[in-house]
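Report on the structure given below.
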Amino acid sequence: MVNVTIDGLKLQVPKGTTILEAAESAGIDIPTLCHLKGLLPDASCRICLVEIEGNPKLFTACSTPVAEGYTIYTKTEKVIKARKFVLDLILSTHKADCFSCAKNGECQLQNLCYEYGVEKSSYQQMDHGYPIDDSNEFFTYNPNQCILCRKCVRVCAQLHGEGAIAVVNRGVKSRIATPFVKLLKSSSCVSCGNCVSVCPVGALMPKSKERFRSFETKKVPTTCTYCGVGCQLDLIVKNDKVVGAQPRDGEGNKGLMCVKGKFGYEFINHKDRLKKPLIRKEGELCEAEWDEAISYIAEKMKAIKAESGANAFAGLSSARCSNEDNYVFQKMMRAAIGTNNVDHCARLCHASTVAGLATTLGSGAMTNSIAEIVDQDVVFVTGSNTTETHPVIGSMIRQAHRRGAKVIVAEPRRIPLCREADVFLQIKPGTNVALFNGMMNVIINEGLQDQKYIDERTEGYAELCEVVKDYTPEVVAEICGIDAEELKKAARMYAKADKAGIYYAMGVTQHSTGTEGVMGTSNLALLCGKIGKYGCGVNPLRGQNNVQGACDMGCLPTDYPAYQKVFNDDVRKKFEKAWGVELSAKPGLTVTEIMNAVEDGSVRCLYIMGENPMMSDPDITHVEKALKACELLIVQDIFLTETAALADVVLPGASYAEKDGTFTSTERRVQRIRKAISPVGECRADYAILSDVMAALGYENSFKTAEEVFAEIASVTPSYAGMSYERLEKVGSLQWPCTSPDHPGTPILHIGKFSRGERALFKPAPYRESAELPDAEYPMIFTTGRILYHYHTATMTGKVEGLNNIAGNSYVEINSADAAKFGIENGEIVKVTSRRGSINAEARVTDIVNEGVLFMPFHFADGPANMLTNTVIDPIAKIPELKVCAAKVEKL
Ligand code: SF4
């Protein structure tokens, strides 16, 4: 520690601390215009000058480390004079259009000039007359207002990891060359807007459709609704309307956001929002009052229950809704209706994670925390297009790479993260199990396993050795279509690293061998002693914003909240006591089973909250047939989705901006969402609608607020028992398990002891091929995924003009060799066919996919990829094989 005195205050700070950091720790304000937390100082603005006793010159506080005995002054006459001089110089190059500048009121330069009494520059004002660049969909760049603090350049290169912008020219002609400026022909800009967020002046400004001054707005802290990273942000609200979004320094996002979170808020106040309940009358959906709609539903439901019993009902809950909404949904299905037929789209994404990791480790969730990524020596990404699906985690991986971490990517597509990859294994879709077995074969043969860890903390090692011994690098290279030497390199890299984490998503889980793939990641990590340690772990990246929470809340056919089993007598008794009713011990149906049961008539009423199976489920033709056959289809959503359009009753739910609640992010972090605006039209919070339905069914439920629901969640959910809104308000967020009010939460699982007990389990499996492989009729492997600019079935992102302008249509990626073989030109519309149907889409001729592979995003209704996908399921987790089926592509 180092002893220093700042403005008369004696401090002890760690060696290496800068003067700026030391002052901040003591609450002493030193102005900066170029400083970015977490990055090396730039010291380009020089406004942070301070005086150190005994030194004639001034020092920049952001770049000067403290030394023992320093006496520092931050507000002397000399310091003030120097800062005024700096402001004077900056103003000479800044076109101070304060009357017309939208930044007026929150411009840091304006505020400092006001504070230091600098009204205008004493130098000749430079006016370059640069044109304003408005070529980006979401923001403009005005070089005339740029003060060259270079925050935008550094956030892009060093935090976001793209490096899309740079300073060009020299001296007074220096300016930021942005990719969206017509200066550059090509661009790697992904419109994340992090440059806009850090700009201290009005040079980079969002293109808001609303004109507003900061003093006319309020900022409401909340959690992003677009992916499992759970970025913290402020919604900016003017006149009860969301007009902007600004990142906060959350534990998971550290001040970063992606294009969807930053600019994708337009859907909230979109004209197409559902504003009143709808009831189908003579084939048409007609507006109705709430009382009418609830009574209508209750009457029909009671009649079905009287005739066919509780198991004639099924419900699909939502990974997009809050924990409170999901908790009440499963409670309605179980306590008010009496069935365990409740599931949600986790079945389509990470059911294999829940099943696989629960078996091997005892808990089906990310073992470690996002913040650890930047500290790792090796990051192993497999089955995840991280920079597009979890963009801020992708940025963290790029930050780790900048700091020297090695990156291994094993993916069927040449994804953007391959740019950082030290090893890229372009595996054939569906061969993950062989890949993991091959890596373990190398590790064991070369003695790189952690034998002490294996002996002390695991069981089943002999069985593992027996299975993986056949998966030599040569055998695996043949199965996966990769180079045996590269496989060895990856295995050694992972095994030898001190801190190495595995990150995976649906490229591992959405297979008929999904659970075995997940257990393969766990086997690999256990073999190398990398679970229960900082910077390591097995980390499933949960796709939707609250898919972790929807699972935690018991929206699964076998589980009450916190994965307590419905068939366990003691557990069931606990819930019977808490809810005051007798409960069913019979496990319910999964998503795919529900669709079959709806089609065969054994399920007569289907209640869907915030899901769109008409786009997200495999084999949409079959889904449509089932939904059309459903006797009573109730859909609760914020838009008239493809699914809602088929409903008998549609109930308008509130968006995340219109209600209180919590989301649980992919790192098990429970975070608040807060009501920022009044509900649009007559829409209502989902939990409130469900409470009314329950009451109409005769189950009195008195939830008046989301906080009341959360209190009940904590009372029956051991892993959430120590959480409350009051505590979350104080600490910001908590990671489960958090079992008592003084429990700090759990950033890393399985330290010392596994959730399943003393030892983790090796659960090896031989490789099995995907259920449907190419043949003479369907010679290609068809695979699906997401892209950066859209979220799930595009219900929300599809309402954002800028996102649609960047990526608004369905397309299919085809390798250039295949395109040449089939005579297909880039950009032409082609027909893609599988055994389940055909769709037309634009051909993108590319080398992102290998020969023999077709890729389509599943977001777009104009070419719905899930028309083609296979319903065959993993026998353990019952997740469909969305990632592999056989297809053909033809010219039209
Ligand atoms: Fe963050 Fe994900 Fe939202 Fe992007 S979509 S801002 S990465 S939570």
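None of the values given here were measured: they were computed from a predicted structure. Counting starts at 1 for both ligands and their atoms, following the listed order.
- Residue Gly261 approaches ligand 1 through these ligand atoms, each under 4.0 Å from one of its heavy atoms: 6 (S).
- Protein heavy atom nearest atom 2 (Fe) of ligand 1, with residue, atom name and distance: Cys227 SG, 2.2 Å.
- Below 30°, between 30° and 60°, or above 60°: for Tyr563 and Trp736 the angle between ring planes is between 30° and 60°, a tilted geometry.
- Note on Cys224: not counted as a metal contact of atom 2 (Fe) of ligand 1, no N/O/S atom lying under 2.8 Å.
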Q | Full working for salt bridge (charged side-chain N to carboxylate O under 4.0 Å, His left out) between Glu324 and Lys659 | A | CA-CA 10 Å; Glu324 291 73 3; Lys659 62 187 175 190; over 6 Å; no
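- Atom numbering of ligand 1 starts at 1 in the shown order; those under 4.0 Å from a heavy atom of Gly230 are 8 (S).
- Screening Leu348, Asn866, Thr793, Leu882 for a side chain to side chain contact (heavy atoms under 4.5 Å, CB included) involving Asp617 leaves a single residue, Leu348.
- Annotation: atom 8 (S) of ligand 1 to nearest protein heavy atom, Cys231 N, 3.4 Å.
- Taking atom 5 (S) of ligand 1 as the reference point, the nearest protein heavy-atom neighbour is Tyr226 CB, 3.3 Å.
- Cys195 has its side chain within reach of Phe139: a pair of non-hydrogen atoms, C-beta onward, lies under 4.5 Å apart.
- Taking the ring centroids of His344 and Phe329, they lie at or beyond the 6.0 Å cut-off.
- Tyr226 and Tyr791 have perpendicular rings, their planes meeting at more than 60° on a 0 to 90° scale where under 30° would count as parallel.
- Nearest non-hydrogen protein atom to atom 4 (Fe) of ligand 1 is Cys258 SG, 2.3 Å.
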